[in-house]
Amino acid sequence: MTQLTTGKIGALAAEGIRDLLTRSLGGEPIARYTEERLLDWETLREGGWDEIGVPEEAGGAGATLRDLAEVAMTWGEFCVPLPLVVTLAAKRWSGPAREHPGPVTVSVPVPGAGPMVPYGNEAGIRVLSGRDGFLDAARGAEDPFPLTLRPVALEVTTNFDPVAAREFAVLWAAEGVGAAKRCLRDAVEYAKERRQFGVPIGSFQAIKHRCAHMLELAERAETAVLWAASDDFREGAEPVSTRRLALHALATARAVAESAIQVHGGMGFTWEMGVHVYLRHVVALRELVQGLLPE
């Protein structure tokens with residue numbers, strides 16, 4: 001029977017990450033910390049957060065993919081522009097990545113854009129060529145659209161094996177689901193506080209129905225990710241592929257973010273409100289997964 005609940009490591013790690021991000025960001029809006037660094041990589045490194053997915057036999061905490069999905073969802077709720085999720089996946093997969101003291105990323109062939117490297121200009125970051133080495137190719141321009149992923153163009157791609165491709169895709173999908181859950185929560189809070197005609201807008205049937213539909217979409221997206229991340233899911237052994245599950249989760253997460261903008265009304269389209277940052281993040285993650293797991 002497929003186990004969809006996280007283990008003890010995943011629950012504790014997600015709780016720890018949430019506490020760290022809550023303290024570090026201090027409730028600041030996402031529009032601020034996409035431009036001003038409120039948390040640095042060294043804080044994550046010193047806490048050992050980048051190594052929790054390393055197998056026990058390699059000296060790590062031995063978290064399962066399901067555990068890491070829980071962490072990725074929590075990280076996605078904040079969308080901090082730091083390469084934690086991609087580094088978790090890289091250090092779980094690659095020996096040289098584990099030996100590198102800084103963050104690690106990969107180069108993925110994005111449809112219509114070519115090879116892109118998430119966080120490619122982060123200080124001290126290395127790009128994996130495959131499981132056993134790094135790329136030293138020159139990096140191109142940074143794509144300004146996904147403010148929290150900061151992908152950089154590269155001429156070559158990372159050589160993924162099927163297991164690694166699946167795990168990167170699942171964790172990126174989980175990160176997108178976390179962003180959707182945050183959009184849902186913020187939209188509901190806004191609907192409770194924003195008043196029109198003397199009453200909260202959340203009392204209007206149109207807003208109630210939109211928020212209820214957002215909840216249904218968010219739960220569908222999360223279920224798809226948890227199924228894809230479950231330990232006994234094996235490609236070819238189940239009727240639905242990782243690609244379909246991950247892309248469904250991210251497409252559904254995008255719909256949640258788009259609805260959150262509508263709930264916020266005119267404010268939802270402003271830079272300061274920041275809902276657009278989550279939407280950009282989810283769109284970019286979906287493009288990465290499409291490139292990672294082509295049809």
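T64 and D67 are linked by a side-chain donor-acceptor pair at a separation below 3.5 angstrom, with hydrogens and angles left out of the test. Between the side chains of R131 and S94, no donor-acceptor pair of N or O atoms lies under 3.5 Å. If you check the side chains of W93 and D161, you find a donor sitting under 3.5 Å from an acceptor.
In this structure a side-chain-to-backbone donor-acceptor pair under 3.5 Å is present from R280 to F145. In this structure, T158 contributes its side chain and S129 its backbone to no donor-acceptor pair below 3.5 Å. Not one N or O on the side chain of H276 forms a donor-acceptor pair closer than 3.5 Å with the backbone of I261. At least one donor-acceptor pair closer than 3.5 Å links the side chain of R92 to the backbone N or O of A63.
No more than 12 heavy atoms of other residues, nucleotides or ligands sit less than 6.0 Å from atom CD of E155. Enclosure of atom CD in E28 by more than 12 non-hydrogen atoms of other residues, nucleotides or ligands within 6.0 angstrom is indicated.
Under the 4.5 Å side-chain criterion, counting only non-hydrogen atoms from C-beta, E35 is in contact with W271. Residues T22 and F78 are in side-chain contact: their nearest non-hydrogen atoms beyond the backbone lie under 4.5 Å apart. The shortest distance between side-chain heavy atoms of Y119 and V152 does not fall below 4.5 Å. Between L154 and L135, the closest side-chain pair of non-hydrogen atoms falls below 4.5 Å. Within the 4.5 Å cutoff, the side chain of Q196 has heavy atoms near those of the F204 side chain. Residues L247 and V289 have side chains in contact (heavy-atom distance under 4.5 Å, counting atoms from C-beta outward). Looking at L147 and P81, their side chains never come closer than 4.5 Å, going by heavy atoms from C-beta outward.
A cation-pi geometry, defined here as NZ or CZ lying under 6.0 Å from the six-membered ring centre and within 45° of its normal, holds between R126 and F134. Geometric assessment of R182 against the ring of Y278 yields a negative cation-pi assignment under the 6.0 Å and 45° thresholds.
Between F160 and F168, the ring planes lie perpendicular to each other; the angle is over 60°, past the 30° to 60° tilted range.
No salt bridge links E51 with R98; every basic N to acidic carboxylate O contact stays at or beyond 4.0 Å. Salt-bridge annotation for E189 and K192: present, with a side-chain N of the basic residue lying under 4.0 Å from a carboxylate O of the acidic one. A salt bridge links E77 to R185: at least one charged side-chain nitrogen sits closer than 4.0 Å to a carboxylate oxygen.
Note on V177 and V275: separate hydrophobic clusters, where clusters join Ile, Leu, Val, Met, Phe, Trp and Tyr whose side-chain heavy atoms are under 4.5 Å apart, directly or indirectly.
If you take OG1 on T74 and CG on L20, they are separated by 11.5 Å, rounding to the nearest 0.5 Å. For the atom pair CE (M273) and CD1 (I30), the distance works out to 13.0 Å, reported to the nearest 0.5 Å.
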Checklist entry - Passes side chain to side chain donor-acceptor pair (under 3.5 Å), T43 versus D40? Steps please. => result CA-CA 6 Å; T43 301; D40 57 39; 2.8 Å; yes
Item to check | Stepwise salt bridge (charged side-chain N to carboxylate O under 4.0 Å, His left out) test for E122 and R139 | outcome: CA-CA 12 Å; E122 180 71 21; R139 299 171 199 178; over 6 Å; no
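Partners of P118 under the side-chain contact (heavy atoms from CB on, under 4.5 Å) rule, at least two apart in sequence or in another chain, are T105, W172, L288.
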